[in-house]
Amino acid sequence: MPNRSHSFYSYLSLISRSTTPLHLLQILSHSIISGHHPNLLLSTHLISHLSSSHHHSLSLLLFSSIPNPDLFLFNTLLRSTPSPSLSLSLFSSLPHLHLHPNPFTFSFAISSSSSFPSPFPGRSLHARSILSGFSSDPFIGSALTNFYLNFADSLSAHKVFDRIPQPDTVSWNSLLSGLIKNNAFSQSLIVFNRMFSSGTSFDPTTFAVILPAIAESQDLNLGLEVHCLAVKSGMASRSHVVTGLISMYSKCGEVSMARFLFNDIERPDLVARNAMISGYSVNQDVGLSVSLFRDLMAIGGKPSSSTLVGMIPVFSPFGHGFLSRCIHGFVIKCGFDSNSPVLTAIMTVYSRLNDLDSAQKVFYEMPEKSLASWNAMISAYAQNGLTEMAISLFQDMQALNVRPNPVTVTSTLSACAQLGALSIGKWVHRIITEEDLELNVFVSTALIDMYAKCGNIKEARKVFDSTKDKNVVSWNAMISGYGLHGDGHQALKLYSEMLTARIAPTSVTLLSVLYACSHGGLVEEGEAVFESMASEHEVNPGPEHYACMVDLLGRAGKLKQALEFIETVAVDAGAGVWAALLGACMKHKETSVAQIASNKLFELEPENSGYYVLMSNIYSANREFPQAAMVRETAKSRNLAKTPGCTLIEIGEKQHVFTSGDRCHPQTEAICAKLEELTAKMIEAGYRVETDAALYDVEEEEKEHMVKVHSEKLAIAFGLINTEPGTEIRIIKNLRVCLDCHNATKFISKVTERLIVVRDATRFHHFRDGLCSCGDYW
DNA sequence: TTGTGTAAAC
C-alpha cells in the first residue's frame with residue numbers, strides 16, 4: 001500500500017499493476033483517505049481495469065459516483081459494456097451528462113448493438129451518426145459494416161463500406177469477416193482481391209479471416225499465393241495464421257503440407273491441434289487423426305468440443321456398433337451431451353450410416369438446435385430419400401422464424417428436385433431472393449437441378465445463364481437436364497460449349513451426355529462421344545458408361561450390335577449392361593436376345609424382381625404366354641415383391657399421391673366419371689387400348705385383360721378436375737410410364753387441349769396436341 | 001484462428 005507521501009501518479013502505476021477488483025478498490029479507498037479524490041483520469045484507469053477483468057457492475061458503480069464524467073471516461077465505459085441493452089441506455093443518457101458523442105462513442109455503441117436481437121437500435125444510431133456529421137468516418141464505417149452483416153444485410157453493409165473514403169485494414173477485415181459469417185465465401189474472395197489491389201496492408205486478422213474462405217472454395221492456388229504473402233509480410237508464423245493455413249491445406253487435400261506447418265510450431269496450442277486432427281479426419285486418415293488425439297491426452301490436454309467435432313467424421317466408416325458404443329458414449333462422458341456442434345456431428349455420422357432414427361432422436365432431444373443441426377437433419381432426410389420429411393422440416397424452420405442459410409436451401413432444393421415439387425421449389429427460390437441469401441455455386445446448381453427435374457427446363461437454363469461462378473457440376477446438371485427432357489441436340493451443344501470454355505469433363509459429364517444421346521436417339525453422336533472418353537478426356541468408361549452405350553444401341557433397335565458390344569467391349573461390366581439390353585428387348589419385342597440377357601440377370605441379381613416382370617412381359621408381348629407364366633411363377637416362388645407404381649400431382653402447394661387402381665382419394669367418384677368421359681372422347685379421336693399394357697402388370701392374372709387404371713391416369717383426371725382449362729398439368733411417376741398410358745396421355749392432351757408434362761423414372765415427356773416430345777422414343 | 005451442414009450421373 002502506498003503511504004501518505006505517495007503522489008497521484010503512484011496510484012496510477014499501482015492500478016495498472018493490480019489484478020483483482022478488491023485490490024483496485026483498496027487503492028481507490030486509500031487514495032480517498034489520503035486526500036487524493038478520484039479524479040477523472042484515475043477513474044478512467046480504474047474503469048478500464050475493472051472492465052478488462054470482467055467486473056462490469058463495479059465499473060458501472062464507480063461511473064455513477066462520478067459527478068461530471070467526460071466523454072473519454074464515458075467511451076471507456078461504453079466500450080467495455082457487455083450487454084447491448086445496457087450500452088444503448090448508456091448512450092441515451094448522454095444528453096443528461098451534457099456530452100456530445102464523438103465517432104468513438106458511435107462506433108462502440110454500434111458494435112454492441114450488433115448483438116441486440118433487433119436491428120432497429122443500430123439503424124437509429126447510424127442515422128444519428130449521419131446527423132452528427134460523421135457519415136464517412138472510418139471507425140463508424142467499420143462498425144456499421146460489421147453491424148449490417150450481423151443482420152445479413154449485405155446491401156447496406158456494402159453501401160456503408162463504399163462511403164469510407166480510404167478504408168483501412170480494419171475496415172476491410174470487417175467487411176471480409178462479415179461476408180464470411182454470412183457464408184458469402186466467393187464474394188469474400190472478390191473483396192479480398194479488391195483489398196489487395198487497393199494496396200491496403202494486411203494484418204494477421206486479414207489472413208486469419210480469409211484463409212477459411214479459401215479453404216471453403218478449395219482454391220489451392222489462391223491458398224499458396226496467400227501463404228506467400230503471409231511469409232513475405234512476416235506473419236506466417238503467427239499462431240492464428242498458421243492454424244488457418246493448416247486448415248486450408250487440409251481442406252484442399254494437401255494434408256502433408258498441413259503436417260509440415262504443424263510440425264514447425266514449437267508448442268502447438270489446442271486450436272492448432274484441433275485443426276490438424278480435423279485435417280486428418282477430412283482426409284479420411286483415421287490412424288493419424290486418432291494418434292494426434294492420443295498425443296493431446298498424453299500431455300494432459302483436455303479435448304474441446306472442436307476436437308470431437310473434428311474427429312467424429314473419421315469414425316463413420318467403422319460402422320454403427322462402434323459409433324454408438326464408443327463415440328456417443330465418449331461424448332457424454334466428456335460432458336458434451338448438450339453441446340450442439342458435437343451432437344450435430346454425431347447426427348451426421350448416424351445419417352451417413354443410414355440410421356435416421358438415431359439421427360432424428362439426437363436432433364429432437366438436442367437442448368439447443370443450431371442452424372447447423374437443422375441443416376444436418378434436413379440433409380439427412382434429403383440424402384436418404386425422405387424428401388417430404390426434408391421439406392416439412394424446412395417449413396417448420398420457416399414457421400419458427402429460424403433463418404435459413406445457403407446450405408439449408410441447397411438441401412431443401414435437392415429434396416424438391418427428387419420429389420418433383422415445383423411449387424415448393426419456386427417458393428424456396430423466392431425465399432432465397434427475399435432473404436438475400438448468397439447465390440453460391442451450390443445454391444445455383446441445386447436450383448438448376450430442381451427446375452430441370454421439376455420439368456421447367458427453360459427456368460433451369462435461365463438460372464444456368466445467370467450463374468457466374470459455374471463449375472463442372474453446374475454444367476453437368478444442365479446437360480443432364482436436357483437429357484432428361486429428351487433434348488439430345490441441346491445437350492451436345494452445351495457439352496461442346498463446355499469444352500470450348502476449357503472445362504474438363506468428368507465421368508459424370510460424359511455419362512450425362514451419353515444419356516442425352518440415348519434419350520434423343522443420337523446413335524452416331526453417342527458413339528463418337530464414347531470413343532473420345534479415354535482418348536481425349538482421360539476418363540476411363542465405367543460400368544455406367546457401358547450400360548448407357550448398350551441402352552443407346554438397343555433403343556435404336558441394334559440389339560445384336562448391343563450384345564456384341566457387351567461380349568467384346570464391356571466384359572465384366574456387371575448387371576447394368578444386361579438390364580439395359582433387356583429393356584431394349586422389351587421395346588422391340590424381341591425374345592431370343594432377351595433370354596440371354598435375363599438368364600445373366602437372374603444369375604447376377606436373383607433378388608431383383610424387376611427383371612422377372614420385364615422378361616415375363618416380353619414373352620407376353622410376343623404371345624408366348626406359357627413362358628411368361630413360368631417366369632412369373634419363379635418370381636412368386638422366390639417371394640419377390642414388385643415396386644408399386646405411384647404418381648404425384650401438385651395442386652396449389654399441396655401434393656396428392658395416387659397408386660394403381662387407387663380408390664382412397666376423397667374425389668374418387670369425380671375422378672372415375674372424368675375418366676369415363678375422357679375415354680369416350682379419346683375413342684372418338686381414334687384411341688385404342690394397347691393390350692400389351694395389361695401385361696406390364698405381373699400381379700394381375702390373365703383372367704383380367706382389362707388394365708387396372710394406372711396411377712398416372714388417375715392423377716391426370718384429378719388434375720383436369722382441379723385446375724382451370726388451359727393450365728398445364730404436371731405429374732411425376734416413380735416407374736417408367738407404360739405404353740398404354742403414354743398413348744392415352746397423347747390423346748388426352750389432344751381432346752382437352754392441355755400441355756401435360758410427365759416425369760417418369762428416367763425422363764420427361766411433354767404431351768401436346770396428341771404428340772409427345774420423346775417422339776415415342778423412351 | 002480450429003469444428004458441424006451443401007449441388008451433378010446411376
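The structure presented is a predicted model; accordingly, all values stated were derived computationally and were not measured. We name chains A, B, ... by the order of the sequence lines, and we start the count at 1 in each one.
Considering CG of L386(A) and CD1 of I391(A), their distance stands at 11.5 Å, rounded to 0.5 Å.
Base engagement by S305(A) is indicated by at least one non-hydrogen atom pair under 4.0 Å involving a base atom. Using a 4.0 Å heavy-atom distance criterion, Q383(A) is classed as a sugar-phosphate-only contact. When heavy atoms are screened at a 4.0 angstrom cut-off, A208(A) is found touching the sugar-phosphate backbone but no base atom. Counting any heavy atom pair closer than 4.0 Å across all strands shown, P313(A) reaches no nucleic acid atom. When heavy atoms are screened at a 4.0 angstrom cut-off, D269(A) is found touching no nucleic acid atom at all. No engagement by F207(A) is indicated, since no non-hydrogen atom pair under 4.0 Å with the nucleic acid exists. Note on K470(A): nothing from the nucleic acid sits closer than 4.0 angstrom, heavy atoms only.
A salt bridge links R461(A) to D465(A): at least one charged side-chain nitrogen sits closer than 4.0 Å to a carboxylate oxygen.
Each of S306(A) and F185(A) has a nearest nucleotide on DNA chain B; the 5'-most of these lies closest to S306(A). Position along DNA chain B of the nearest nucleotide to G244(A) versus N440(A) favours G244(A) as the more 5'-ward residue.
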Legend entry - From CA spacing to verdict: ring pair (Phe, Tyr, Trp, His ring centres under 6.0 Å), W374(A), F363(A): CA-CA 8 Å; W374(A) 284 95; F363(A) 178 71; 5.4 Å; yes
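Here the range on DNA chain B touched by chain A, meaning any atom under 4.0 Å from one of its heavy atoms, is dT1(B) to dC10(B).
Using modelled atom types, one finds a donor on one side chain and an acceptor on the other under 3.5 Å when comparing N173(A) with T206(A).
For Y495(A) and W475(A), the gap between ring centers reaches or exceeds 6.0 Å.
Around atom NZ of K181(A), more than 12 heavy atoms belonging to other residues, nucleotides or ligands sit under 6.0 Å away.
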